[in-house]
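As the structure is a prediction and not an experimental result, all values here were calculated from the model.
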Amino acid sequence: MPKRRLFLGMLSSLVMILSLGVMFPRGIAESPSDGRAPIPGAERQTMLKHQLREGLKLDEATTSTRRQQALRQMMKLVEDPDIQTDELYVVIQTALPIIHEKNDIASLRTVVTRLAESFAVDAELESSRMYMEFLAETKSRSAFDAAFKEQVLVLERLARRNDYREVGKLLDKAEEQVQRFASKPSVALLEKTRIWLEERETAHRAYLKAVLVLEETPDDPRAKHEVGFWTAIYQSDWGKALPLLASGNNVEWSAAAKAELRQIEDNVTPLTIADLWWELGQKSQATAKSVIQDRALTWYEGIDPDDLTPVLRTRAIRRQTELAAALKRPIISGKKPKAPAPGFPPLVVPPSKPGEVVAATRLPTNTPINLLTMIDLPEHVIFGKWSRQGTDLVVEPGQCARVMTPIALKGSYDLTFRFTRRNRVEAVTLMLPLDRTFFNLLLDSGAGQYSGLERFDRKFLFGHQEAGAVRWHKHPEVVNDIPHTLKVNVTVNGDDAAIVARLDQDELVNWKGPQRKLISPPYSTMPNTHAIGVLAYATHLTVHELTLELKPDAEGYRLGKDWKNPLMKVADGPEEGSPYQRSAKEFNGRPYYISNVMMELPDAQKLAILLKGRLVTISSPEENEFVRTLGQSERVWISGWSTMSRQWRDERNRPLRYPGAWMSKQPDNLQDAEGGQQFLIFSTREGEGWDDTHARTLGRACIEWGEEDLTPPTKK
């Protein structure tokens, strides 16, 4: 009899899973790959909800155990990447009451993430609303505390938009629920959040005033300090902040910043710099205190104890231990390993002169190719101060400094990257292509906390772990001032990919999955999405070797002065009968399409590739007016990027034919923590125009098909 009951139970579970697989009718058009889908209409919701509840046998009389089982099945659907978007919305709405009833904060977290990612809603505001509903309904104190922590994280992300009034309102509503429970952890977190918000708002107001002062008086020391303080504490842009702080009016901040900036010239020891930040941190409060402590700890971690006297060594170790405990970080030894520097592998392809190739030429397979010799400075610099030291490539510390190799490739390949990092503990990144997307391989980010593949389904690695893709804390260490070798193997198999990476002898990444899960973050954007790039985040980096070997299934090209990419075949128009063809408008016999949703630049680039088009290149006043009308008072991404010499070019590296319908006071080349504003967006409202902006700005993708003639117009 027990065996019979077990069999019936298994049969029941199987029937349930099968019913979930067929409960929704298929054949609904997939949501466009360029962004999030609209929320389905009421009639569609009602029909799908009925089908879902029938499939789950879910009604008011369902037992608590059965409702829990139904929730588990619905969460499987929520996490299914292939579920239709309108079906996903109904599953989420049906699951929420049971999530509240069961105080299931883990399921709520998953639901919040999926809803914000998949639908055309404001992610932070929608997340805040859902957490607030949970806080109002839950009767479990532990669930309340967990949900309130998530709500605070959402509010902090909202505050980073500098919309303090909206955040203040939401925090007031959250406080009502906190008072209802009077939980000590939540009360303490609420008070801490209010202090953080007040400090940030005060610092931001001072920053805005200081920016105006510097426009009139560029050498004002007080204004320099205020701008530097905001940039360091709230933007973590130390490369930009240190020169401002060094010439600011705050003596202690100025001394610490000058010590960092002039470490080599003035022979300042790392211990001296660490002690200056330590002393400043002791006098600071709340947000600034933790950021300064982090700066001090970074310098203490880079000290070799063998270089210190016993007294200084004892003090340095004590301070490092205290800081690590306060910041809840592991203690890292600063002692440098005595390891021999690995040598260069033999290169079969002889070096060629930079800029020598005029048109794209096919790269060989199964042959080591020296990419460093192909890089022409400053032609291939996307951002930052790059130079040559013999055969090495060197970059000075600066936010998101990146250089692009003049190649285009798809398929499987091996890459060897040998480098030395000096003076900073910040990220070193490779930007790498796949057949259908592009991704970042990150080393030692967050002051050495994590390494791995940077983005999954639009989530950063430090907020989303996936097997084999992320290493936290105990990943292989990048030690300053000694050479390291990173070996990367990329294997492409249809729509899937496998990525294996080893730093020196230690495995760093071993991941398999769909290519569509990966995408590069905005701060590492390059004009050519099929290229390999190197990014140094606020660190002095020397690149000794960058060797590529294409596998037999790969296809690769070395690009010439014109970066025309043989792998990015631009069609004459959108696919026949597709919704893009129906939505396209014509100008001078060529079709143009504006995406339905706002997106960051990497998503716009990816959409253009998928549709076999390209971001529009505006070549005349008439075309500019057409795109302005097509944009319907929105911001739209257009083709254009700025070289370090401030020359504007299209994605093929050709100078723009049309000089530009710029907005007032643009282009301003305003630099920020995202690596400078050097891409073009077109604000199509009446009276506005082109703006040089950072790639994380949201705009619609404006895509055109066919070739663009950028030959300068003949003078009459």
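The shortest non-hydrogen separation linking A531 to T405 is CB-O, 3.5 Å. In this structure, D435 and G411 approach most closely via the heavy-atom pair OD1-N, 2.6 Å. The two residues V492 and D553 make their nearest non-hydrogen contact at O-OD2, 3.9 Å. Residues E623 and Y592 come closest through the heavy atom pair OE2-OH, 2.7 Å. The minimum heavy-atom distance between H694 and W637, with the atom names listed, is O-CH2, 3.6 Å. Closest heavy-atom contact between A501 and L441: CB-CD2, 3.9 Å.
No donor-acceptor pair closer than 3.5 Å links the side chain of W641 to the backbone N or O of I382. Judged by distance alone, with hydrogens and angles left aside, the side-chain atoms of T684 form a donor-acceptor pair with the main-chain N or O of S633 at under 3.5 Å. A donor-acceptor pair under 3.5 Å is absent between the side-chain atoms of T365 and the main chain of P552, judged by distance alone. Formation of a donor-acceptor pair under 3.5 Å by the W705 side chain with backbone atoms of Y593 is not found in this model. In this structure, the side chain of E704 does not engage the main chain of G613 through any donor-acceptor pair within 3.5 Å. Between the side chain of Q666 and the main chain of W662, no donor-acceptor pair closer than 3.5 Å is present. A donor-acceptor contact shorter than 3.5 Å is absent between the side chain of Q605 and the backbone of N528. At least one donor-acceptor pair closer than 3.5 Å links the side chain of T373 to the backbone N or O of N370. Remark: side-chain polar atoms of N440 are not paired, donor with acceptor, to backbone N or O of L442 under 3.5 angstrom. No side-chain donor-acceptor contact under 3.5 Å links N493 to the backbone of D496.
Salt bridge status for K551 with D414: present, with a side-chain N to carboxylate O gap under 4.0 Å. The pair E379-R649 counts as a salt bridge, with a side-chain nitrogen and a carboxylate oxygen less than 4.0 angstrom apart.
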Candidate pair F417 and V543, rule side-chain contact (heavy atoms from CB on, under 4.5 Å), full reasoning: CA-CA 8 Å; F417 175 52; V543 182; 3.7 Å; yes
Residues I375, R388; criterion side-chain contact (heavy atoms from CB on, under 4.5 Å); working and verdict: CA-CA 10 Å; I375 296 174; R388 293 277 186 184; 3.8 Å; yes
side-chain contact (heavy atoms from CB on, under 4.5 Å) assessment of R700 paired with R635: CA-CA 6 Å; R700 299 187 188 279; R635 290 173 300 179; over 6 Å; no
Ring pair (Phe, Tyr, Trp, His ring centres under 6.0 Å) between F439 and W511, intermediate numbers included: CA-CA 13 Å; F439 68 97; W511 177 85; 8.1 Å; no
Pair R418-D504, salt bridge (charged side-chain N to carboxylate O under 4.0 Å, His left out): steps then yes or no: CA-CA 9 Å; R418 195 164 70 90; D504 299 324; over 6 Å; no
Verdict with supporting geometry, L415 and V490, side-chain contact (heavy atoms from CB on, under 4.5 Å): CA-CA 8 Å; L415 189 71; V490 175; over 6 Å; no
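Taking CG of D603 as the start and CG of L610 as the end, the distance is 10.5 Å to the nearest 0.5 Å. Rounding to the nearest 0.5 angstrom, the gap separating the CG atom in L434 from the CD1 atom in I499 is 5.5 Å. Rounding to the nearest 0.5 Å places CD of E545 at 12.0 Å from CZ of F419. Rounded to the nearest 0.5 Å, atoms NZ (K410) and CG (L550) are 12.5 Å apart. Summarising the geometry, atom CG belonging to L680 is positioned 10.5 Å from atom CG belonging to D650; distances are rounded to the nearest 0.5 Å. The distance from the CG atom of L615 to the CG atom of L607 is 8.5 Å, given to the nearest 0.5 Å.
When side chains are defined from C-beta on, H530 does not count as touching W563, because their heavy atoms never get closer than 4.5 Å. With a 4.5 Å cut-off on side-chain heavy atoms, L409 and E555 do not count as touching. Counting only heavy atoms from C-beta outward, the side chains of T361 and L363 never approach each other to under 4.5 Å. Side-chain atoms of N510 and E507, non-hydrogen and from C-beta on, do get closer than 4.5 Å to each other. Contact check for Y537 versus L535: side-chain heavy atoms found under the 4.5 Å cut-off. Between P574 and L611, the closest side-chain pair of non-hydrogen atoms is not below 4.5 Å. The closest side-chain heavy-atom distance from E651 to T617 is below 4.5 Å. With contacts defined as side-chain heavy-atom distances shorter than 4.5 Å, the pair S642/D692 does not qualify.
Counted by atom type alone, R421 and N480 present one or more donor-acceptor pairs between their side chains at under 3.5 Å. Side-chain contact, T420 with H484: no donor N or O sits under 3.5 Å from an acceptor N or O.
The stretch residues 572-583 participates, sequence neighbours left out, in no salt bridge (Lys or Arg N to Asp or Glu O under 4.0 Å) pair at all.
Around the CD atom of E625, the shell of radius 6.0 Å holds more than 12 heavy atoms that belong to other residues, nucleotides or ligands.
Checked against Y658 for a ring pair (Phe, Tyr, Trp, His ring centres under 6.0 Å), the options W648, F682, W690 give a single hit: W690.
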